[in-house]
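Just so you know, ligand 1 is whichever comes first in the structure, and atom 1 is the first atom listed for that ligand. Quick note: numbers below take in every heavy atom, side chains included, and nothing from hydrogens, waters or symmetry partners. For reference, positions follow the sequence shown, starting with 1.
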Amino acid sequence: MDNNIATFQAWIHGMGNDGYMYSALGITIILFMIHTYSTAREKKKLRHTVNAYIEVFQKAFDLSDDALIILSTSYKVIYMNKTAMTLLGLDKNIIDKVLTPMPKIKRKREWESLSTCISEKVVSKNTTPVRAYPKSILKDRRDKETEINLFIDTVKMTEVSTGEYTVVSMHDLSQANAHAQMEYKHSLTKLPNQLQILQDLPALFSKVHIENNKIALILLDFDNFTRLRSIIGYEQANKVVLKFSQYLNTIVSTFNISVYHTFDNHFLLTVSNLESIEAIENFVKEIQAKLANFYKMEDVNLHLTVSAGIAVYPDSGSTRQLLDNAYKALTKAENDGDGKIEVFLPQKSQSKYDELTLHNDMEGGLARGEFEVYYQPIVKADTHEIVSAEALIRWIHPTYGFIPPDVFIGLMEKTGFIVKLGRFILEEVLKQQKRWELFKFKQIGVSINVSMVEIATGEFVEHVKEKLAYHRVNPEFIKFEITEGMAMIGEGETEKYFHRLKKLGVSILLDDFGTGYTSFTYLKKFPADIIKIDKTLVDYILENEEDQRIVKAMIDLGHNLGMKIVVEGVENKAMVTMLDSYGCDFIQGYYFSKPLPVFEFQKLLR
Ligand code: C2E
Ligand code: CA
């Protein structure tokens, strides 16, 4: 007996999240004890002990944060703790009744009655395992939904009866969720905080890419706040911050704006569907004007000003740098005086790229991951389905921000660094192709721009061969873009070289077609599979009939030579319709998409 009680006490003591299990076992023991000790005196004494334990038990269970229910064989409620009653939206007199109608539960997608879920038989050989349904949704009788972890266990009472008791435990996750959500809110203003902005930005950037739009990050900071705080005191200063946050919240609903409270007294606004930088500056000026006579304290008007740092994507740098650049702009604004606005424009800080700086930074930039391959889709002219992409390199420089490739490619060709960069691009593209293959993306061809300097090393073909074999990428999906100008250098020799390249199984695309003077006889011999008609030839195609005739003739010529035609620089629907009617095979241009970081490009592929 003492032994049994000791075990029993240990069970009570051990009650925690697993309380429901102990409770069931505890009741088993009580019933077992009554059954075993048979003399009248013993029984009486035992009943007292048992009653005392039951009381302790109930108190302990009622203290539990987990909802606990014990049901009989016929699913009558034997016991239910207070948490369970609250969670199920029940009142006290439900005890001793069958739980009908049962609250609803959603374990996966479908709603079902909790009783169906509880009475579900588990097919198992000897043991009945605890059934666990994490992250289920419970709907109480007033249709209030709560996320819970649900556990169901059955206990056989072989010593007492043949019955089987069911123990149900429900762990309310809403508090933990609310707690987790608080982490993403500023403790004073309850506005989303720095952690939240970091979570939200990638989605915002994707949206901007897809909608071909711009987005501004505006950082606002009270000027001389530390001094103000020392004058009016900590609590009053908090009130100022709070009132300002409430004001900012009112503008959020009217525009395409989100507001965050990042640190101390910094507020960050994101504005999408941006019209112009002037519009943003005017918007900030309105906030500043509003603030000028905004806070009154005991009949004293506080003179409050905020400074603003603005960064606009994509003008102010890459997605990764935008927030940093907004801070840089804010620092500059604050250094310039009170109530100033500064827009971060990389080109503005230095009127022109310093060639020496770029030259010195190439090597390190490549090592630091400042170069990134973007992909621009190429679609079928008739169905608009993506069939391939052009890999275009981007350099996101720490001081200059986004540098257009036209600026650094030429410089890299001069210094020979282009060979190293070209190898990096090939490696990136091959790895990406492999990833797309593994993750079952639609297989598309990727075309890579090749510089004459790379060809001149005489090692290009060997290198490509080696890398194709290493990454085991099907050469069918790799194309190399050779400019018309390159193709014409030293006619016979280059032609032979490109024949060798083609033997690897890759395709060759003649880029910028129409800007050079390729003779038809030469074009016939050149091993190109595709001709890409240059943007300059189609820029005025809608209004210029001569351009229309030229482009149409080029398309026909290419087709007669057995080549496919891509037109690049297509920016509107009318151009697409016209080029399709001319028989153009593929189209590349901003109308379909700008070059995108791989993550965003993948979304188009899906
Ligand atoms: P490209 O080979 O003629 O590349 C096409 C350029 O036109 C790309 O500029 C592309 O973004 C742009 N473009 C595409 N569609 C449109 C459109 O509808 N409208 C307008 N306005 N432009 C459009 P990007 O990326 O600035 O590249 C410029 C040049 O830099 C490329 O001209 C290419 O010669 C060179 N380049 C870019 N990436 C690489 C690379 O990875 N390797 C080498 N060697 N050169 C590269
Ligand atoms: Ca190209």
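Under 4.0 angstrom from ligand 1, the non-hydrogen atoms of Asn449 come from both its backbone and its side chain. Looking at Glu568 against ligand 1, only its side chain comes within 4.0 Å, counting heavy atoms. Contacts between Leu421 and ligand 1 below 4.0 angstrom, taking non-hydrogen atoms only, are absent altogether. At a heavy-atom distance under 4.0 Å, only side-chain atoms of Ile425, from C-beta outward, approach ligand 1. Of the heavy atoms in Glu428, none comes closer than 4.0 Å to ligand 1.
Numbered from 1 in the order shown, with element, the atoms of ligand 1 that lie under 4.0 Å from a heavy atom of Val570 read 18 (O). Each of the following atoms of ligand 1 lies closer than 4.0 Å to a heavy atom of Asp512: 3 (O). Interface atoms of ligand 1 facing Glu390, defined by a heavy-atom separation under 4.0 Å, are 2 (O), 4 (O).
Atom 7 (O) of ligand 1 is not flagged as protein-proximal [any protein heavy atom, distance under 4.0 Å]. Remark: atom 22 (N) of ligand 1 lies closer than 4.0 Å to at least one protein heavy atom. Within a 4.0 Å radius of atom 27 (O) of ligand 1, the protein has at least one heavy atom. Distance screen at 4.0 Å: atom 17 (C) of ligand 1 has a protein heavy-atom neighbour inside the cut-off.
Sequence neighbours left out, the pairs with a member in residues 527-544 that pass salt bridge (Lys or Arg N to Asp or Glu O under 4.0 Å) are Glu390-Lys532, Glu481-Lys532, Lys502-Asp529, Lys532-Glu568, Lys535-Asp539.
Nearest protein heavy-atom contact of atom 31 (C) of ligand 1 is Leu392 CD2, 4.4 Å. Taking atom 11 (O) of ligand 1 as the reference point, the nearest protein heavy-atom neighbour is Pro595 CG, 3.3 Å. Of all protein heavy atoms, the one closest to atom 15 (N) of ligand 1 is Gln376 NE2, 3.0 Å. Shortest contact from atom 39 (C) of ligand 1 to any protein heavy atom: Ile393 CG2, 3.7 Å. Distance from atom 19 (N) of ligand 1 to its nearest protein heavy atom, with residue and atom name: Glu571 OE2, 2.5 Å. Nearest protein heavy-atom neighbour of atom 24 (P) of ligand 1: Pro405 CG, 3.6 Å. Atom 29 (C) of ligand 1 has its closest protein heavy atom at Asp406 OD1, 3.2 Å. With hydrogens left out, the protein atom closest to atom 12 (C) of ligand 1 is Tyr590 OH, 4.3 Å, a heavy atom.
The option with the heavy atom closest to atom 45 (N) of ligand 1, from among Ile418, Ile409, Val407, is Ile409.
Shown are the protein N/O/S atoms under 3.0 Å from the Ca ion (ligand 2), given by residue and atom: Glu390 OE2, Asn449 OD1, Glu481 OE1, Asp511 OD2.
Within the model, atoms OG of Ser258 and CG of Leu217 stand 10.5 Å from one another, a figure rounded to the nearest 0.5 Å. With rounding to the nearest 0.5 angstrom, the CZ atom of Phe417 is 10.0 Å from the NE2 atom of His359. To the nearest 0.5 Å, atom CG of residue Asp200 and atom CG of residue Leu195 are 11.0 Å apart.
Among Gln432, Glu427, Gln433, the one residue that satisfies the side chain to side chain donor-acceptor pair (under 3.5 Å) test with His471 is Glu427.
Looking at ligand 1, you'll find an N or O of Asp511 within less than 3.5 Å of one of its N or O atoms. Residue contacts with ligand 1: Glu454 is placed with no nitrogen or oxygen under 3.5 Å of a nitrogen or oxygen of the ligand (distance criterion only).
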Verdict with reasoning, Lys594 to Tyr374, per side-chain contact (heavy atoms from CB on, under 4.5 Å): CA-CA 9 Å; Lys594 286 191 173 175; Tyr374 275 43; over 6 Å; no
Would Lys290 and Tyr247 satisfy side-chain contact (heavy atoms from CB on, under 4.5 Å), going step by step from the backbone distance to the final call? CA-CA 9 Å; Lys290 189 94 187 168; Tyr247 161 66; 3.4 Å; yes
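Checked against the 6.0 Å centroid criterion, the rings of Tyr375 and Trp436 qualify as a close aromatic pair. Between Phe460 and Tyr497, the distance separating the two ring centers is not shorter than 6.0 angstrom.
Under the 4.5 Å side-chain criterion, counting only non-hydrogen atoms from C-beta, Arg500 is in contact with Glu462.
Residues Arg472 and Glu437 are not paired through a salt bridge, judged by the lack of any N-O separation under 4.0 Å between the basic side chain and the carboxylate. Using a 4.0 Å cut-off between charged nitrogen and carboxylate oxygen, Asp336 and Lys332 count as a salt-bridge pair.
Counting only N and O atoms by type, the side chains of His261 and Ser245 include no donor and acceptor under 3.5 Å apart.
When all heavy atoms of Asp338 and Ser307 are compared, the pair lying nearest together is C-OG, 4.2 Å. Leu579 and Val567 get closest at one heavy-atom pair: CD1-CG1, 3.7 Å. Looking at every heavy atom in both residues, Gln376 comes nearest to Ser593 through NE2-O, 3.1 Å.
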